2 protein chains.
Amino acid sequence: MRLSEVPNGRDAPPPEASLRNATSTEAICARILERHRDRVSVRKPHLATANLARIIEAVLKLSNRQGFHEMSLRDLAKVSGLSMGGLYSYFDNKNTLLVMILTEVSETVEAVLRDAPAGLDDDPIAHLRWLIETHIRLTETMLPWFVFAFMEAKGFPAPARALATESELATERIFADVLARGVARGVFTIPDIDLTAALIKPLLQDWYVKRAKYRKRGTPIETYVAGVIAFVERAIAKT
Amino acid sequence: MRLSEVPNGRDAPPPEASLRNATSTEAICARILERHRDRVSVRKPHLATANLARIIEAVLKLSNRQGFHEMSLRDLAKVSGLSMGGLYSYFDNKNTLLVMILTEVSETVEAVLRDAPAGLDDDPIAHLRWLIETHIRLTETMLPWFVFAFMEAKGFPAPARALATESELATERIFADVLARGVARGVFTIPDIDLTAALIKPLLQDWYVKRAKYRKRGTPIETYVAGVIAFVERAIAKT
DNA sequence: TGAAAAAACGAGCGCTCACTCTGTTTTGTG
DNA sequence: CACAAAACAGAGTGAGCGCTCGTTTTTTCA
């Protein structure tokens with residue numbers, strides 16, 4: 001899958017700007033709508049997208065405060081501005097909401113990370129830097145989505161959990177590929193590539209999993225990105 | 001606080017053996033009972049400890065499968081082998097169960113990590129290795145406890161959440177102290193000590209947060225411990 | 001051994017939940 | 001402006017929740 005709204009290549013604006021276009025709630029909800037057209041009974045796309053956006057924004061807000069299961073549909077109705085009955089024009093049951101969000105996060109992260117600017121294939125160091133920065137900035141832009149996906153993934157229907165697992169592995173593979181290319185070219189020294197890729201992942205996730213901590217501490221995203229890049233690069237630098 | 005059952009110092013058995021004694025469900029529940037004696041109406045300590053252990057084992061089992069809030073007290077009664085009414089001799093409401101587990105995890109990790117063998121103060125490299133290995137092995141021994149504390153900490157009464165946050169910070173401070181001592185002695189080169197300590201934490205947590213992944217992959221704990229130690233040591237090695 | 005104390009039991013209470021259903025309002029169109 | 005069709009509203013429904021409390025079972029010890 002590919003995010004048509006993301007301009008890619010060398011003349012693209014800086015990462016956080018291009019991300020913001022493709023990852024506005026509206027844009028994402030348009031994609032969700034497309035993927036779940038059969039479940040949504042509202043036919044007019046504009047209306048459906050707008051309401052779905054209001055619903056999902058409310059879901060993220062309420063869930064990230066108290067947890068998905070603790071969010072009642074009455075609360076959701078109140079915050080989203082629709083009625084109980086209205087809500088059920090947009091999904092067939094509460095779990096569908098969860099699946100909608102989970103799949104969209106998985107697809108988005110995969111699409112964004114696979115869409116590296118041309119030329120980075122030849123430069124593992126730059127490519128790795130780009131992956132780290134893009135991943136962290138993506139999770140920052142879609143913060144509530146990622147927090148939701150991380151915290152609620154477990155305890156849910158097998159298919160949804162399988163999807164989350166697969167997504168985790170896919171991301172890891174992208175990193176492992178770059179690490180392997182770097183080793184092949186002699187710019188990295190890595191005893192265990194798969195384990196190293198596995199260890200990089202939580203460094204990226206910590207930014208959104210413990211967002212409150214970094215906010216309280218006043219750590220800007222640039223500092224965090226630079227810190228992770230420096231940490232990882234020293235750990236795998238050619239010896 | 002100090003775990004009286006943990007033999008410390010140089011002639012102790014290897015870390016996983018001494019940990020196992022102090023972190024058996026029975027031993028932990030004895031400590032929980034002591035801390036919450038006023039809430040437990042059963043007076044005979046042996047009986048109370050045994051039943052509390054059965055209850056908490058069941059809580060961890062059910063919660064880690066479906067989430068704490070999704071666990072009904074009827075399920076808990078069934079799995080623990082007590083009746084609905086019987087349960088309420090051991091806690092006054094459902095949240096108390098959560099608090100019991102959360103506080104015990106916090107106290108234990110703090111106590112264990114602060115209890116480094118004598119002599120490590122003078123050797124930041126060895127001390128850091130010991131911290132990493134001990135932390136990972138502790139979370140392995142008390143796996144369901146840590147998974148529970150990590151996944152359920154949010155969404156809960158302010159005091160409980162504050163406790164979890166404080167525990168996270170305390171652990172980080174322990175690591176930051178060792179890093180700082182290493183820098184002072186010229187064995188580490190670290191531009192931002194606090195950020196580095198913050199980055200080490202998720203490397204340790206990944207072992208239990210994504211335990212299923214590593215199990216499926218067949219990664220033994222020794223490999224993981226060695227991998228993290230190598231990764232961290234290269235990242236902070238004197239340049 | 002028998003009665004008092006301790007512990008365990010489990011149906012039942014009040015309440016909230018996800019979800020439904022029917023009547024009403026809004027919207028698009030000839 | 002008329003009139004379907006689309007969209008929304010919100011009270012209602014049964015299931016299931018946390019928690020209680022009168023009762024029964026087990027333990028204790030003179």
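Only a predicted model underlies this, so the values are computations on that prediction, with no experimental measurement involved. A note on names: the letters A, B, ... follow the listed sequences, proteins ahead of strands, and every chain is numbered from 1.
Using a 30° and 60° split on the angle between ring planes, A/Trp207 and A/Tyr224 fall in the tilted class, from 30° to 60°.
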Inset, instruction - Apply the test side-chain contact (heavy atoms from CB on, under 4.5 Å) to residues A/Arg217 and B/Leu169: give CA-CA distance (whole Å), side-chain angles for both, the deciding distance (0.1 Å), then the verdict. - result: CA-CA 11 Å; A/Arg217 203 170 283 190; B/Leu169 289 186; 3.3 Å; yes

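A donor-acceptor pair under 3.5 Å is absent between the side-chain atoms of A/Ser63 and the main chain of A/Leu60, judged by distance alone. No donor-acceptor distance shorter than 3.5 angstrom exists from the side chain of A/Ser167 to the backbone of A/Leu163, with no hydrogens or angles considered. Listed for the A/Thr141 side chain is a donor-acceptor partner under 3.5 Å among the backbone atoms of A/Arg137.
With sequence neighbours excluded, the residues that form a side chain to side chain contact (heavy atoms under 4.5 Å, CB included) with A/Lys210 are A/Asp206, A/Lys213, A/Tyr214, B/Glu168, B/Lys201, B/Pro202, B/Gln205. Remark: B/Ala197 pairs with B/Glu172, B/Phe175, B/Ala176, B/Leu179 by the side chain to side chain contact (heavy atoms under 4.5 Å, CB included) rule, at least two apart or across chains. A/Arg173 pairs by the salt bridge (charged side-chain N to carboxylate O under 4.0 Å, His left out) definition with A/Glu166, not counting sequence neighbours.
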Inset, instruction - Mark up nucleotides 25-30 of chain D, 5' to 3', with B wherever a protein heavy atom is under 4.0 angstrom from a base atom, S wherever such an atom reaches only the sugar-phosphate, and - elsewhere. - result: --SS--

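Residue contacts for A/Asp75: at a heavy-atom cut-off of 4.0 Å it reaches no nucleic acid atom on any strand shown. At the heavy-atom level, B/Arg43 lies under 4.0 Å from the strands shown only through sugar-phosphate atoms.
Read 5' to 3', the first and last nucleotides of DNA chain C with an atom closer than 4.0 Å to a heavy atom of chain A are C/dC17 to C/dG28.
Looking at A/Arg211 and A/Glu140, a side-chain N of the basic residue comes within less than 4.0 Å of a carboxylate O on the acidic one, giving a salt bridge.
The neighbour count for A/Glu34 CD, taken as heavy atoms of other residues, nucleotides or ligands under 6.0 Å away, does not exceed 12.
In this structure, CG of A/Leu73 is placed 16 Å from P of D/dG10, rounded to the nearest angstrom.
For the contact set between residues 78-101 of chain B and DNA chain D, defined by any heavy atom under 4.0 Å, the members are B/Met84, B/Gly85, B/Tyr88, B/Asn93, B/Lys94.
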